[in-house]
Amino acid sequence: MTTVESPEKALFASTTRAFLQKEAPLTYVRELHAAGVSFDRGWWRRAAKLGWTGLLVPVELGGGAISGSGIADLAMVAGLIGKTVAPGPLYPVSTVLCALVECGEHDARAATIESLISGETVASWAVYEPGQGWAPLEPSVTATPHNSGYRIDGVKDRVEAGAQSDMLLVVTRSDDDQVRQFLVPTTAPGVRIEPQPSVDLVKQYARVHFDGVEVERSAVVGKPGETTALIERQSQIAQVLQCAEVVGILQTVFDFTVKWALDRHTFGRPLASYQALKHRFADMKTWLEACRATAGAAVAAVAERSPEAGLLASIAKSYVGEKAPAIVQDCVQMHGGIGVTWEHDLHLYLRRVVLYRSMFGTPEEHNLRVYAWKESSR
């Protein structure tokens, strides 16, 4: 995910890497957790100034890609974020921006887009619902015509940075049984945010209750005929970015585990010299490279808007989601007793990998999607 193809992209990569090493090291992640904080708004604004938030936004709306492919650039950032399991609402903001810039009335959203790009405003995608798996096109939250706008009722959960967001892009079902999305301020009357626990140290989620929330017609994002395609596009972006970050995590964990095995001696010889461990390292390296390949193919397909983008995103989410926890768990075992202590950094990476396994579709759910796609293409 960190391959560079031009001097501009090389500079962007090195700048991002330096920023994360200086302002988001693992010690900072631990400090945020100790303070009960997900991310610092000032930190996020500084990250936004690097260009992270504008990569999916066309130049005429204030953004711009570095390499010509905003998704590829964003995937590179995600891979670097994985090296320090950095905080921040990159994926929530990116999925919301995707909908705002690709909907038919994007010019009317210029002020909101500008605010999101600058980092002054934080938004998240409210797509999950209690008791449901990954079913973005099957919402039970309702949007009913009311006065000059709509009334929204229902509950969303697993909303990343829900309590830290200024607005939410809410997936609903309208009175004509169509799926629609609404941009709703979190301060609107009737919005109630309930924090949810997370296995990750700094990724915080929330259950959001909408009790008769009234919004204007201008809150609708996307026309009826384009909403399904928008949601599919948002889903693909969220999935491939998470896969890209996980690949960054796996490479980091694998590298320092190899170093540990070379440096650690037992009975006068390095741990890495034992044949059984060599075989295990070979297996992990094979799985890691397969994760990199599937994630890279998915990123490329989504960037090119390939007809098979959804299929490749599901393949990547399934394979990476299945193999990543096993690789990190093996690295924990390689470290022995110290690998399961709070003081060691391994659990920070394991927590993020386990969390991402279930977000935006589990491997099992994506296996079913791949099967359905294969069946439909016969």
Side-chain angles (χ1 to χ4, degrees), residues 1 71-72 74-75 78-79 82 90-92 94-95 98-99 125-139 156-160 171 179 198-200 203 205 227-250 286-329 349-378:
M1 295 298 101
I71 291 177
L74 203 52
L90 181 64
Y91 308 149
S94 296
T95 52
C98 169
W125 193 24
V127 60
Y128 269 108
E129 296 191 354
Q132 281 193 4
W134 180 239
L137 297 178
E138 300 174 15
K156 293 289 185 180
D157 72 356
R158 288 161 283 178
V159 180
E160 184 178 346
V171 181
V179 178
S198 169
V199 68
D200 192 89
K203 289 283 185 179
Y205 292 80
T227 301
T228 297
L230 280 175
I231 291 175
E232 176 61 22
R233 179 73 172 167
Q234 292 168 255
S235 301
Q236 292 170 8
I237 289 173
Q239 289 156 5
V240 299
L241 291 181
Q242 284 195 344
C243 287
E245 182 181 343
V246 171
V247 171
I249 288 173
L250 295 180
T286 301
W287 297 335
L288 167 57
E289 294 306 324
C291 287
R292 192 192 315 279
T294 54
V299 168
V302 174
E304 296 167 3
R305 299 179 183 271
S306 165
E308 296 187 347
L311 171 66
L312 291 173
S314 285
I315 290 173
K317 195 68 171 62
S318 173
Y319 190 84
V320 174
E322 190 67 36
K323 289 300 184 182
I327 294 172
V328 181
Q329 285 284 14
Y349 295 100
L350 180 59
R351 289 168 182 272
R352 184 68 57 89
V353 164
V354 170
L355 171 67
Y356 283 175
R357 184 190 189 279
S358 62
M359 293 304 298
F360 299 110
T362 63
E364 294 78 11
E365 288 173 313
H366 282 288
N367 286 343
L368 292 175
R369 285 172 175 257
V370 172
Y371 174 78
W373 192 91
K374 290 292 186 182
E375 286 295 303
S376 65
S377 63
R378 287 185 177 180

statement: Between C243 and A295 the two heavy atoms that sit nearest each other are CB-CB, 4.0 Å
- request: Show the numbers, then the answer: is there a side-chain contact (heavy atoms from CB on, under 4.5 Å) between V302 and R233?
  value: CA-CA 8 Å; V302 174; R233 179 73 172 167; 3.5 Å; yes
field: Closest contact, heavy atoms only, A298 versus A316
entry: CB-CB, 3.8 Å
statement: Scanning both residues in full, the closest heavy-atom pair of L350 with Q329 reads CD2-NE2, 3.9 Å
Under 3.5 Å, which donor-acceptor pairs link side chains of residues 318-327 to any protein atom two or more places apart or in another chain?
from, atom 1, to, atom 2, distance (Å)
S318, OG, N367, OD1, 2.5
E322, OE1, R357, NH2, 3.3

query: What do the steps show when you test C291 against V246 for side-chain contact (heavy atoms from CB on, under 4.5 Å), and what is the final call?
result: CA-CA 9 Å; C291 287; V246 171; over 6 Å; no
- request: Give a yes or no answer on whether the side chain of R158 reaches the backbone of A126 with a donor-acceptor pair at less than 3.5 Å.
  value: no
- request: Verify the neighbour count for atom CD of E364: are there more than 12 heavy atoms of other residues, nucleotides or ligands below 6.0 Å?
  value: yes
message: Per the side-chain hydrogen bond (donor to acceptor under 3.5 Å, both in side chains) rule, what does the pair list look like for residues 306-315, sequence neighbours excluded?
response: S314-H366
field: Minimum-distance pair of heavy atoms, taken over all atoms of L312 and A297
entry: CD1-O, 4.0 Å
field: Partners passing side-chain hydrogen bond (donor to acceptor under 3.5 Å, both in side chains) against E232 (at least two apart in sequence or in another chain)
entry: Q236
- request: Answer whether the closest heavy-atom distance between the side chains of P136 and V171 falls below 4.5 Å.
  value: no
- line: Value for CH2 (W287) from CG (L250), rounded to nearest 0.5 Å, stands at 11.5 Å
message: According to side-chain contact (heavy atoms from CB on, under 4.5 Å), who are the partners of L74, at least two apart in sequence or on a separate chain?
response: L55, L56, L90, S94, L241
message: Would you say that Q242 contacts K317 through its side chain, given a criterion of any heavy-atom pair below 4.5 Å between the two side chains?
response: yes
- prompt: When you measure from the side chain of T362 to the backbone N and O of S358, does any donor-acceptor pair fall under 3.5 Å?
  reply: no
statement: To the nearest 0.5 Å, atom CD1 of I71 lies from atom CD1 of I237 at 4.0 Å
Within-4.5 Å side-chain heavy-atom neighbours: M359 and Y205: yes
message: The test is side-chain contact (heavy atoms from CB on, under 4.5 Å); show your working for I231 and S235 and say whether it passes.
response: CA-CA 6 Å; I231 291 175; S235 301; 4.1 Å; yes
- prompt: Who are the side-chain hydrogen bond (donor to acceptor under 3.5 Å, both in side chains) partners of E160, not counting sequence neighbours?
  reply: K203
Test ring pair (Phe, Tyr, Trp, His ring centres under 6.0 Å) applied to Y91 - qualifying residues, sequence neighbours left out: none
- request: Apply side-chain contact (heavy atoms from CB on, under 4.5 Å) to E304 and list each qualifying residue two or more places apart in sequence or on a separate chain.
  value: A300
- request: State which residues pass side-chain contact (heavy atoms from CB on, under 4.5 Å) with I249; sequence neighbours excluded, sorted by chain then number.
  value: V85, E245, V253, Y349, R352, V353
task: With sequence neighbours excluded, give me every side-chain hydrogen bond (donor to acceptor under 3.5 Å, both in side chains) pair touching residues 125-134.
output: W125-Q181, E129-S140, E129-K156
